[in-house]
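My questions all concern the structure below.
This one's a predicted model, so the numbers in the text were calculated from it and none came from an experiment.
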Amino acid sequence: MTAALSAHELIARHRSTLDQALEAIRTRAYWSPHPEHPKAYGENGSLDAAAGKAAFDALLGSRLDLGQPGTDDWVGGETSPYGIDLGVTYPHADLDVLLPAMKAGQRAWRDAGAEQRAVVCLEILKRISDRTHEFAHAVMHTSGQAFMMAFQAGGPHAQDRGLEAVAYAYVEQVRTPDNAEWSKPQGKRDPLAVNKQFTPVPRGIALMIGCNTFPTWNGYPGLFASLATGNAVLVKPHPRAVLPLALTVQVAREVLTEAGFDPNLVALAAERPGEGIAKTLALRPEIRIIDYTGSTEFGDWLEANARQAQVYTEKAGVNTVVVHSTSDYKGMLSNLAFSLSLYSGQMCTTPQNLLVPREGISTDQGPKSYDEVVADLAKSVDGLLGDDARANALLGAIVNPDVKARLEAASGLGEVALASREITNPDFPGAVVRTPVIVKLDGAKPDDEAAYMSECFGPVSFAVAVDSAEDAAELLRRTVREKGAMTVGAYTTDPEFEQAVQEVCLEEAAQLSLNLTGGVYVNQTAAFSDFHGSGGNPAASAALCDGAFVANRFRVVEVRRDA
């Protein structure tokens with residue numbers, strides 16, 4: 001296969017970016033090569049806002065032909081949470097044809113080495129970045145995120161997470177040298193001499209099972225970690241969010257072809273309505289790595305049944321914030337209100353349980369009772385979302401009927417401190433937009449425990465009254481241990497209690513945010529610096545991104561020669 005992009009050209013183009021990424025994950029300092037502001041695009045081959053919207057519009061009602069082998073049908077059926085039928089159709093694969101074709105290109109990809117694989121991945125990410133405006137509309141109309149969130153989280157932040165995975169993959173692969181000359185002294189006799197060659201070899205085909213809410217942000221780490229370590233990658237999108245990942249596969253196949261590799265190293269597995277091919281794929285012997293984001297039930301099934309594969313899951317947890325005391329009461333309420341409202345709470349990191357001592361808390365505005373704290377938080381959410389235009393920009397749309405049903409049922413679980421209200425989106429009358437609900441529960445009542453100890457994904461939060469700060473810490477520990485948590489937050493001015501909460505999170509392996517009152521929120525993480533999940537509690541078996549996330553996607557094979 002003739003390469004239009006030589007290895008030398010790709011290294012010259014992207015090596016400096018890779019080096020900066022390597023430095024960023026070492027220092028954990030802020031860095032990103034992908035602009036967050038929409039106006040930053042439109043030069044050097046990137047699409048501006050108008051061109052990106054036109055490119056998305058041109059996709060509607062089209063057939064996205066990826067040129068994959070084994071295509072036996074065309075499937076689709078995505079409907080935007082904003083009420084638009086996308087009408088895009090995708091190739092449906094005969095797995096007995098597609099999977100062998102994917103394996104065929106792995107030898108050349110393996111032999112290319114860690115650096116060349118890394119810069120090919122960076123070229124894929126660069127071309128995706130150039131189309132960020134187009135991808136933003138695709139993410140918006142499959143996830144229900146508001147446009148700006150879809151632009152940032154589905155664009156530069158997702159691309160950052162993909163690049164982060166490439167950087168970690170590179171580090172782990174070059175940790176062992178390619179060659180070594182080994183010599184062992186034997187006293188008066190000649191030394192024993194052996195030439196040793198070390199090659200990172202892929203496990204096989206990786207399966208990336210996409211999610212509905214963050215198809216690119218949650219999908220790119222596993223996709224690029226597997227690809228950068230030499231594996232072919234089969235992308236199985238959520239049936240309601242195919243388009244962003246199908247476009248990703250399209251770009252990857254184009255770059256692989258131009259770089260002289262087999263495009264079938266990356267392929268799409270779209271499914272017919274109700275077909276449910278994820279279980280079938282997960283048990284195929286060719287599948288040796290699985291990345292999954294979604295429900296605990298299916299994640300547990302994968303971990304128990306896909307025994308031939310290395311399985312990385314991000315499932316569900318019960319995220320908790322402990323409110324003990326604060327030196328910035330207004331800032332705390334504002335920060336929590338934003339965290340509860342962002343994308344209608346449809347994030348795996350959104351706080352669900354707010355643990356507040358029933359005797360109240362100390363603040364810079366004087367003592368506040370449990371009832372006052374909850375009422376003031378409700379007012380803060382109301383104030384944040386009081387303007388419908390601002391509310392639409394923050395909330396987005398409810399992604400599926402199950403979220404709407406949970407939201408409507410929540411009001412029957414306890415006393416409602418903040419009722420959810422319906423908001424009309426004038427640009428998309430078909431969108432289902434709802435503000436969050438806050439329900440008051442009692443941590444001492446067994447009937448209430450059934451509610452707050454279960455994940456209620458969506459814009460639902462429980463203000464749980466607890467007997468004391470110590471009880472709050474113990475309930476936090478039990479919640480993380482039994483149910484898992486992607487995030488934990490705490491507000492306290494007491495160093496001893498801060499240490500107690502920190503100790504709980506260290507022992508139960510939960511990521512902790514303390515006293516956030518400004519523009520950093522508990523449900524947001526920064527690539528190259530923050531770890532998303534820990535892999536150490538039931539919410540997830542992997543962290544995005546650390547060495548463990550990439551190191552077991554390949555093995556090192558040694559060849560020894562007598563010197």
Side-chain angles (χ1 to χ4, degrees), residues 81 139-140 143-146 148-150 152-154 211-214 217-218 293-296 314-321 323 333-355 374 377-378 380-386 390-411 413-414 416-423 425 431-441 451-464 479 483-489 513 516 521-525 532 539:
V139 171
M140 173 183 175
S143 71
Q145 295 174 31
M148 185 54 72
M149 184 175 184
Q152 293 184 338
C211 68
N212 194 174
T213 48
F214 289 88
W217 197 99
N218 278 110
T293 301
S295 72
T296 297
E314 181 189 310
K315 299 176 287 190
V318 176
N319 300 319
T320 300
V321 175
V323 182
L333 294 174
S334 176
N335 191 280
L336 284 174
F338 186 92
S339 296
L340 299 182
S341 303
L342 183 62
Y343 183 33
S344 301
Q346 298 170 124
M347 304 173 68
C348 63
T349 50
T350 300
Q352 175 180 300
N353 292 347
L354 310 174
L355 308 186
V374 179
L377 178 58
S380 188
V381 174
D382 253 347
L384 177 66
L385 303 177
R390 182 168 60 184
N392 274 307
L394 188 60
L395 295 170
I398 298 297
V399 71
N400 64 54
D402 290 342
V403 174
K404 182 171 177 284
R406 283 192 292 270
L407 172 62
E408 292 171 347
S411 60
L413 297 174
V416 176
L418 176 66
S420 176
R421 68 184 180 91
E422 183 176 352
I423 294 178
N425 188 320
V432 177
V433 185
R434 299 287 189 275
T435 62
V437 62
I438 300 176
V439 179
K440 297 168 75 173
L441 297 176
Y452 66 73
M453 284 295 282
S454 300
E455 190 204 24
C456 192
F457 184 74
V460 178
S461 293
F462 301 118
V464 183
T479 303
K483 302 297 181 179
M486 295 299 294
T487 54
V488 172
S513 298
L516 299 183
Y521 303 96
V522 67
N523 44 349
Q524 295 176 317
T525 58
H532 175 76

| message | Restricting to side-chain hydrogen bond (donor to acceptor under 3.5 Å, both in side chains), what partner residues turn up for Arg421, sequence neighbours left out? | response | Asp388
| message | Quick check: do His532 and Met486 have side-chain heavy atoms less than 4.5 Å from each other? | response | yes
| Within a strict 4.5 Å, meaning less than it, do heavy atoms of the Gln145 and Val139 side chains meet? | yes
| Is the backbone of Phe457 close enough, under 3.5 Å, to the side chain of Arg406 for a donor and an acceptor to pair up by distance? | yes
| request: Could you label the plane-to-plane angle of the Phe214 and Tyr343 rings as parallel, tilted or perpendicular, counting under 30° as parallel and over 60° as perpendicular? | output: perpendicular
| request: Taking Asn319 for its side chain and Val488 for its backbone only, find out whether a donor-acceptor pair lies under 3.5 Å. | output: no
| request: Evaluate the side-chain proximity of Leu395 to Ile423: yes if any heavy-atom separation is below 4.5 Å, no if none is. | output: yes
| note | Residues Pro351 and Ser461: closest non-hydrogen pair is O-OG, 3.5 Å
| query | Leu354 and side chain to side chain contact (heavy atoms under 4.5 Å, CB included): which partner among Val374, Leu377, Thr320? | reply | Leu377
| query | Between Tyr452 and Phe462, is the ring centre distance below 6.0 Å? | reply | no
| task | For Asn400 and Val403, indicate whether the former's side chain and the latter's backbone hold a donor-acceptor pair under 3.5 Å. | result | yes
| field | Flag side-chain contact, heavy atom, 4.5 Å: Leu418 against Val437 | value | no
| field | Whether Arg390 side chain and Leu384 backbone form a donor-acceptor pair below 3.5 Å | value | yes
| task | Identify, with sequence neighbours excluded, every residue that meets side-chain hydrogen bond (donor to acceptor under 3.5 Å, both in side chains) alongside Lys440. | result | Asp371
| What pairs of residues pass the side chain to side chain donor-acceptor pair (under 3.5 Å) test when at least one of them lies in residues 344-355, not counting sequence neighbours? | none
| said: Whether the side chain of Ser454 engages the backbone of Ala451 through a donor-acceptor N/O pair (distance < 3.5 Å, no angle test) should be reported. | reply: no
| So which heavy atom on Val399 is nearest to which on Ser143, and how close? | CG2-O, 3.1 Å
